[in-house]
Amino acid sequence: MLVLYCRKAFHDQFKFLRQRVLLNSRLGWILGPPGTGKSTTCLAFISVMANDFPDWTVTWIHLRRDDAAKCVRFSKRLKWSFVIKDIDMPYMSAFLDDVEGHHIVFLDGFDPTQCAHVPFLRCCKIWCESALEDRRLVVVCSKSSRGKTNMDDDTVNQVEQFIVHPWELGEWSAAEKHPDELGYFGSQCTSVFLQPDFISNLGEEHREEENLSGLILMDDLRRKFSSLA
């Protein structure tokens with residue numbers, strides 16, 4: 001069991017993913033500096049989709065600083081993990097098109113200054129925009145801005161963004177107040193169950209961000225997704 005401290009930004013991002021992206025067919029951008037919990041909150045959202053939206057296939061694509069991306073796909077009770085290089089864009093397109101029905105893709109770690117990341121974003125946008133009724137795209141950006149944007153273009157393309165701000169001193173003080181008392185965490189935290197291989201496949205930079213994202217208690221990561229291994 002992975003227990004995460006839930007500051008207000010967690011709930012707001014959760015609501016954005018559920019209401020604006022999943023239910024209202026928006027192409028969602030999650031922006032904010034490293035360590036604010038953007039990716040961790042998305043992982044928490046994915047973990048509850050198995051119950052709340054069981055008909056949706058989830059593909060998590062973690063972009064690294066080099067030319068390769070680590071991918072994990074969840075479809076009902078099955079899981080795949082593999083690596084895609086930027087030279088494999090035709091394969092990437094076929095891989096995304098391979099899913100029939102509802103499909104949401106999380107493009108994690110996108111950096112607009114990294115040339116190797118741009119083809120992945122372009123490919124995912126073309127895929128999503130070709131069938132918005134059944135497809136969703138969430139871009140988790142490692143920056144606080146996605147660069148130069150046009151409001152009219154965002155409206156036409158149904159693009160919306162959510163900004164995650166750094167932790168405030170009061171939030172840290174509240175989180176650190178009773179770290180060993182489970183009763184406190186019972187009212188202030190959410191329990192998230194994730195497959196251990198899913199986390200390990202995401203790379204060191206993602207695990208470093210998780211450790212900065214709040215108070216994380218590790219108990220038994222294998223409980224919910226053990227059948228997917």
*Is there a salt bridge (charged side-chain N to carboxylate O under 4.0 Å, His left out) between R135 and D97 once you walk through the steps?*
CA-CA 10 Å; R135 297 174 178 178; D97 288 333; 3.5 Å; yes

Strictly distance-based, threshold 3.5 Å: is any side-chain N or O of [X] a donor or acceptor partner for the main-chain N or O of [Y]?
X	Y	result
Q13	K38	yes
D134	G101	no
R20	R26	no

For the residue pair [X] and [Y], establish whether any side-chain heavy-atom pair is separated by less than 4.5 Å.
X	Y	value
F16	I30	yes
R73	H103	yes
R7	W167	yes
C71	I61	yes

Pair up each side-chain donor or acceptor in residues 114-126 with any protein partner under 3.5 Å, not counting sequence neighbours, and list the distances.
{"residue": "H117", "atom": "ND1", "partner": "D111", "partner atom": "N", "Å": "3.0"}
{"residue": "H117", "atom": "NE2", "partner": "R64", "partner atom": "O", "Å": "2.6"}

Spacing of [atom1] belonging to [X] relative to [atom2] belonging to [Y], to within rounding of 0.5 Å:
X	Y	atom1	atom2	value
T57	L96	OG1	CG	12.0 Å
E160	S25	CD	OG	11.0 Å
L17	I46	CG	CD1	9.0 Å

*Picking from F74, W29, W60, W56, what satisfies ring-ring contact (aromatic ring centres under 6.0 Å, His included) with F106?*
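With F106 as partner, ring-ring contact (aromatic ring centres under 6.0 Å, His included) holds for just one option, W60.
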
*Honestly curious: do L132 and L27 fall in one hydrophobic cluster under the side-chain, below-4.5 Å linking rule?*
no

*When hydrophobic residues are tied together by side-chain contacts of less than 4.5 Å, even through go-betweens, does I104 share a cluster with V99?*
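No.
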
*Looking at W127 and R136, what are the two nearest heavy atoms and their distance?*
CZ3-O, 3.5 Å

